[in-house]
*Asks:* 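Quick one: this structure, given as structure tokens, is what I'll be asking you about.
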Amino acid sequence: MHTDGSHLHTRSRQGSLSSDLENQQSKEADPSAPFALSKPAHLLSPAQVVRELTTDPDNGLTQDQVTFRLQNVGLNELIGDGGVSIFRIFMGQLLNAMSLVLIMGMVASFAIKSWIEASVVTAVVVVNIVVGFFQEYSAEKTMGSLRSLSSPTAQVIRDGNIVTVRSADVAPGDIVEVKTGDTIPADMRIFECMNFEVDEALLTGESLPISKSSSIVFDSSHIGDVGVGDRLNMAYSSSTVTKGRAKGIVVYTGMSTEIGKIALSLHSNGKRIKPKLTGRSAENPDAPSITTAHKLRYYLSLTWSTIKHYVGQFLGVTVGTPLQRKLSWLAILLFGIAVVFAVICLAANGFRNEQAVILYAVGTGLSMIPASLVVVLTITMAVGTKIMVSRNVIVRKLDSLEALGAVTNICSDKTGTLTQGKMVVRKAWVASCDSTYEVGESSAPLSPTGALIRLEKGSPKDLLKIPKTRVQREVENPWRWPDVFVKSSTTSSPGMSLSPTRTWTLTDDTAIPIQYQQGVGTSSARESVDHLQLSRSNINLTAINTGTNGGPSSPYPDPSTPSYLQHFLNIATFCNTAIVAESKDEPGKWHTRGDPTEVAIQVFTSRFDWNRRKFTHGGVLHEDEQQHEDHVRVVSGDEGDGHGHGPTPTWKLLAEYPFDSDVKRMSVIYAELSSSSMESSSTPSSIAVDTPPTTTTVVTTWAFMKGAVERVLDACTSIHVDGHVVDFNPAWRDHVLQNMEVLASQGLRVLAMASKEVKPPFSSSAGVATSSSSALTLNAFTPPPPGAVDDWSGYPRSEVEKDMTFHGLVGLYDPPRPETAGAVKNCHRAGINVHMLTGDHPETAKAIAAEVGIIPRTLETLAPTVKSAMVMTASQFDKLSDAQIDSLPVLPLVIARCAPSTKVRMVDALHRRKKFVAMTGDGVNDSPALKRADVGIGMGLAGSDVAKDASDIVLTDDNFASILNAIEEGRRTFDNIKKFVLHLLAENIAQACTLLIGLAFKDRTGLSVFPLAPVEILWIIMITSGFPAMGLGMEVASDDIMIRPPHNVKVGIFTTEILLDMIVYGFYMALLCLTSFSLVVFAFGNGELGLGCNDHYHPSCELVFRARSTTFTCLTWFALILAWEMVHMRRSFFRMEGKPKRPWTMWMKHVWRNPFLFWSIMAGFITVFPIIYIPGLNRVVFKHGPISWEWGIVFVESGMFIGGIELWKWGKRVWERRYGEKVRDPQSELGRRMMERYASLATSGTQTVGGGVDEDGDDDDVEEKKEIGNVNVGVRDLEAQR
């Protein structure tokens, strides 16, 4: 208990939110508030918080408790801006360039008293706004729900399991675990932490991270003096963990948090900040004085910036995604074109101030406006993001939805992304005895009792030199139960026998190794297994005789255990934060928490009955929470004192230096307390402890380290061999590295183990004796005092991680995901190169990369320069200058021992080769690379909140195949946008050309007679074009979408093909429409254009009205047919699949594939008939009349339109086959090209200068390339080998 101010944080006095409201709440909590505390949380001990919030520090809350608490206190959310703004959406629909043209047409129609046209335009404006409003509102709601999915998450313990939940779903009393890079989800009282530092700049303004402690409890007398930044036992919502890890109890959520109080005070203060006019003043006498000219310029600049801001928002050119801004500029361009066309119409008719002339100008202007374009785009992108969620991808930024289809290179991590992330220890080499332990197969890899272990004399390198069959190895070194190697007993058989010294409780699902099931091994072993299969309950299994004497199992390190294995297991179990425990309620079900690598190592040590918590918690979860020990039973052979209480802990964690992606190793410092009867060395670091007369203990402080082999070896100066410590000379280092390479070549991830004894930095200020003997008096088995822990927390890591003693290697296997190889192959077929950037050893990375297809299995066929560039270490890559990297024949496909800075350099190198890069990342240090990449991909399960915030999309399953799903969906969305943009703009071109060329049709008075009436134009724009365009936006992906190369993101949707198609389709439709009008009037009629046929019906206008009906029907049907033809921009409508099973009838299947598109088109076909034949509606509103024989023209021209489009597509396919990027069948060509280009280099002797070989096999981005020989020789050689 602190009673003075000496302990307060000295840097953050400004952190206190010294408001009267806060002081009042701090002095006296509201007892009526749900889950209120008696005092502010920083004044309570963890035990008091646990009692008052009725929670469980071991198992957390139950789901029922969470539901009840959320119903009472609400979600853990801050008051925002009200979510989706209805008013903003409505004004956006009303005030945009598209609607502006319609409104202008409406005003012009009312001005000339053309009531019918004015009413129709008004109705169109209203319908356009209402439909657009509801569609955009729905899309915004969808995007809002998707954004909530990508919100920060929290790791909480509920029902005894650690689960990931949204931060909004955190409730008071939740037990939260946080680590480096996480965002604190709510205000919480820390009750367990290690090297824990938090960035609270958002709250306090303090630039430096604040170190936290769980042991501090403030006195109530300091209730008004302890500011937010000084509450070292609290972690506050929205703060970021910069170092270490911690557990805490949530005490305040939502608006009750400190950040919530700030948000409440700042709510509704969202005004734009205006620049301040500054001049000469008392504070700044040297500044120039403010003159009238200065003021005038200031106010003009301010006015202009304000107008520019709001006009940009109004026109949509400064908000939204890049594509949305481009289309907004397109709308402005079309608006200008519409005005120009209207002026042309007026000029062609001598600028007569007549109703007919103005109506013609209005109709021509309206013909250029794709009114539904922006709405369709919004809906398409919302649908795309929603589909992505179902495919385990959350889009955080809409820009990425457009960019995904352009990705040419994916830089992916290995562990958990390309692989399953379910690590299991396969082999362990203990250098002390030069022996290798191998773990057998198991159907339950997380169960410590589910596999046997085999011990082979010799290092992995030596065992590789002596090839043996499986039967030979099993006879010479039979599989045994793990505790055989750490227990002792007397038995007459070298195999497995029964003895009362150890009880194993086996359930029906306990895995028996296949070797025993098949009768392999010693006779005693087979007899034991037969007995196991018969009884299956309370079977006593005895360990084989190790040559030493020992008694029953105990939670203390067994002195009979060979010291070399005991110490190796100590490093493995203590340099580890994972938890492995068996549920008492469900025997045989094991709970694990922590990093997959550490879980695997903890399971390995638990197989030997060497679980960490057995020594640090005395066999229970919390030594001071005995009431909770019955929930989970830690693996231990000891039953305590027979009363349900385990012995006192004998190991105490003093400090932890967590794994970091830069140092690639982890270290811990533990204090060991063992009885005087046990073997212990008298070293300078041993501290004698006076205890009650019956027992004396000795405290020994150990530093344990594990990590990447090279990084651990850098810290080692000695090695433990045959019970002796010898110097770690270069020969020993080479020996260790050779063994590492042997394990890595088997696809194992290899970690090294090291340790040393260290001298505790106890200080007198902590109340610990500092005499020369380092003697300390305290009760028996009492952990080191809190002062020692505090001193260790600030001890330099560099001092701990040096002069280590090497003890061995452990090899873990992380199998590739079953779908990874197929996903990598599909990436290659799609023209996407895959790079593996991993922290593993080069041999491990190479083995996994070859297994999943990132690199070829036979590198010998490649040129030496290409082979060496394909697989590199980070140190090799980082030593190269940018110029040297650019001169490499290929960029590395595998970079091992990768650091965060290496990822950034890799992205920059790809950008210099004009590649579009997607980068995965999960750690805090990955944020720069994620931001530098064109598409940053965060990991939803293993990723830190900082990495997620820096990413564009988040994978909810951390699966590489989901990246391919995202790219496929990005391509589908991009394709659909091109389809409906082409469909809409081609129709606009057709209408505008028909009306402009139709100016030549003049009546007796010299006025132009329009081939299409304004109402007809509006009908086509809103109904005929709008709904089919929405259907095209929902079209499913074509089967060839992933065998095309990525699109060029700089070009965007307006590619040369799109622009050419737009012109061809638009002019072709206009030509057919004008032909139909001319045939009716001039070919089959007498050429009479009537009088005043633009205003009303007159008997002399019969021919014109029939011609208009024909033209209107043709253009309507052309638009509907074009929508179906746009389902695929190159393939025939009658053959949308590459290799259909029923080629002649498949088109009937495809028209039903998209129901919305089908019914939109069918509605367009059917509604033509009532429009033409309903009296009054036809001649009065639409200005056309019924037709009869003219249907022949409609059907013939529709057939001609289909034939013309099919002919144009056929021409494009021929050109593509002959001159396009893909000169062969894409399914085979793109599948081989990613690897064959390297073989081509090896065979032909290609030399590159400057930019190097293009990653996609293209020549457009290679500035200088010189080839010697024939590049195709290598391809032909490979094909001949196949």
Side-chain angles (χ1 to χ4, degrees), residues 55-61 154-164 174-180 182 190-196 214 244-249 421-425 444-450 555 569-626 628-638 646 649-653 656 658-659 666 668 670 704 706 810 812 941-942:
T55 187
D56 184 339
D58 301 331
N59 299 308
L61 299 174
Q155 299 281 337
V156 299
I157 299 176
R158 290 179 180 171
D159 294 314
N161 299 313
I162 185 166
V163 295
T164 302
D174 260 326
I175 307 300
V176 177
E177 293 186 356
V178 291
K179 61 183 183 303
T180 303
D182 287 350
I190 304 168
F191 69 88
E192 179 182 314
C193 65
M194 184 55 61
N195 298 338
F196 189 54
S214 61
R245 58 184 176 86
K247 287 184 182 180
I249 307 167
K422 297 178 181 178
M423 309 290 287
V424 58
V425 174
L446 298 181
S447 171
T449 60
L569 291 175
N570 282 346
I571 302 172
T573 195
F574 291 128
C575 192
N576 195 310
T577 61
I579 295 176
V580 177
E582 183 183 17
S583 172
K584 183 178 181 180
D585 296 333
E586 300 179 69
K589 182 177 180 180
W590 294 85
H591 297 288
T592 62
R593 300 180 202 159
D595 179 79
T597 300
E598 296 199 334
V599 167
I601 296 175
Q602 195 64 238
V603 169
F604 175 72
T605 62
S606 298
R607 297 185 192 280
F608 295 91
D609 194 25
W610 219 260
N611 189 286
R612 180 186 74 257
R613 294 172 71 85
K614 166 183 168 183
F615 307 117
T616 60
H617 290 71
V620 296
L621 285 178
H622 287 271
E623 62 271 17
D624 57 345
E625 298 287 338
Q626 294 294 334
H628 300 301
E629 71 179 62
D630 57 339
H631 292 293
V632 180
R633 178 168 57 85
V634 178
V635 181
S636 175
D638 186 62
T650 57
W651 288 79
K652 176 67 177 180
L653 175 63
E656 176 184 313
F659 178 86
M666 171 190 179
V668 295
Y670 267 85
F704 299 126
K706 78 170 187 300
V810 60
L812 303 98
L941 297 178

*Asks:* Start with the C-alpha gap between N570 and W651, add the side-chain angles, then the distance that decides, and say whether side-chain contact (heavy atoms from CB on, under 4.5 Å) holds.
*Replies:* CA-CA 10 Å; N570 282 346; W651 288 79; 4.1 Å; yes

*Asks:* Run the side-chain contact (heavy atoms from CB on, under 4.5 Å) check on I157 and E177 step by step: do they pass?
*Replies:* CA-CA 8 Å; I157 299 176; E177 293 186 356; 3.5 Å; yes

*Asks:* Nearest 0.5 Å please: distance from the OG1 atom of T449 over to the CZ atom of R607.
*Replies:* 8.5 Å

*Asks:* Which heavy-atom pair separates P448 from V580 by the least distance, and what is that distance?
*Replies:* CG-CG1, 4.0 Å

*Asks:* The test is side-chain contact (heavy atoms from CB on, under 4.5 Å); show your working for I579 and R612 and say whether it passes.
*Replies:* CA-CA 8 Å; I579 295 176; R612 180 186 74 257; 3.9 Å; yes

*Asks:* Using the rule given for side-chain contact (heavy atoms from CB on, under 4.5 Å), can you reason through I249 versus I175, listing the C-alpha separation, both sets of side-chain angles and the distance that settles it, and then say yes or no?
*Replies:* CA-CA 5 Å; I249 307 167; I175 307 300; 3.8 Å; yes

*Asks:* Please check: side-chain N/O of N576 versus main-chain N/O of T573, any donor-acceptor pairing under 3.5 Å?
*Replies:* no

*Asks:* Looking only at heavy atoms, which two atoms of T605 and A572 are closest? And how far apart?
*Replies:*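 Here T605 and A572 meet closest at CG2-CB, 3.5 Å.
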
*Asks:* For the residue pair M666 and C575, what are the closest heavy atoms and their distance?
*Replies:*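 Answer, listing the atom of M666 first, then C575: O-SG, 3.3 Å.
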
*Asks:* Which residues pass the side chain to side chain donor-acceptor pair (under 3.5 Å) test with T592, sequence neighbours left out?
*Replies:* none

*Asks:* Minimum heavy-atom separation for G60 and T55, please, with both atom names.
*Replies:*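 Minimum heavy-atom contact is C-OG1, 4.3 Å.
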
*Asks:* Nearest heavy-atom pair of P57 and F191: which atoms, and what distance?
*Replies:*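 Heavy-atom minimum between the residues: O-CZ, 4.2 Å.
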
*Asks:* Check N611 against S606 and note the closest heavy-atom contact, atom names and distance.
*Replies:*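 Closest approach of N611 to S606: ND2-OG, 3.0 Å.
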
*Asks:* Aromatic rings F704 and F574: how do their planes relate, parallel, tilted or perpendicular, breaks at 30° and 60°?
*Replies:* parallel

*Asks:* For the OH atom of Y670 and the CD1 atom of I571, what is their distance to the nearest 0.5 Å?
*Replies:*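 Spacing of OH (Y670) from CD1 (I571) equals 13.0 Å.
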
*Asks:* Holding to side chain to side chain contact (heavy atoms under 4.5 Å, CB included), I want the full list of residues that pass it with T597, two or more places apart in sequence or in another chain.
*Replies:* M423, D595, I601, R749, L751, L812

*Asks:* Is a side-chain N or O of E598 found less than 3.5 angstrom from the main chain of T577, in a donor-acceptor match?
*Replies:*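 At least one qualifying donor-acceptor pair exists.
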
*Asks:* Nearest 0.5 angstrom please: C193 SG to R245 CZ, how far?
*Replies:* 9.5 Å

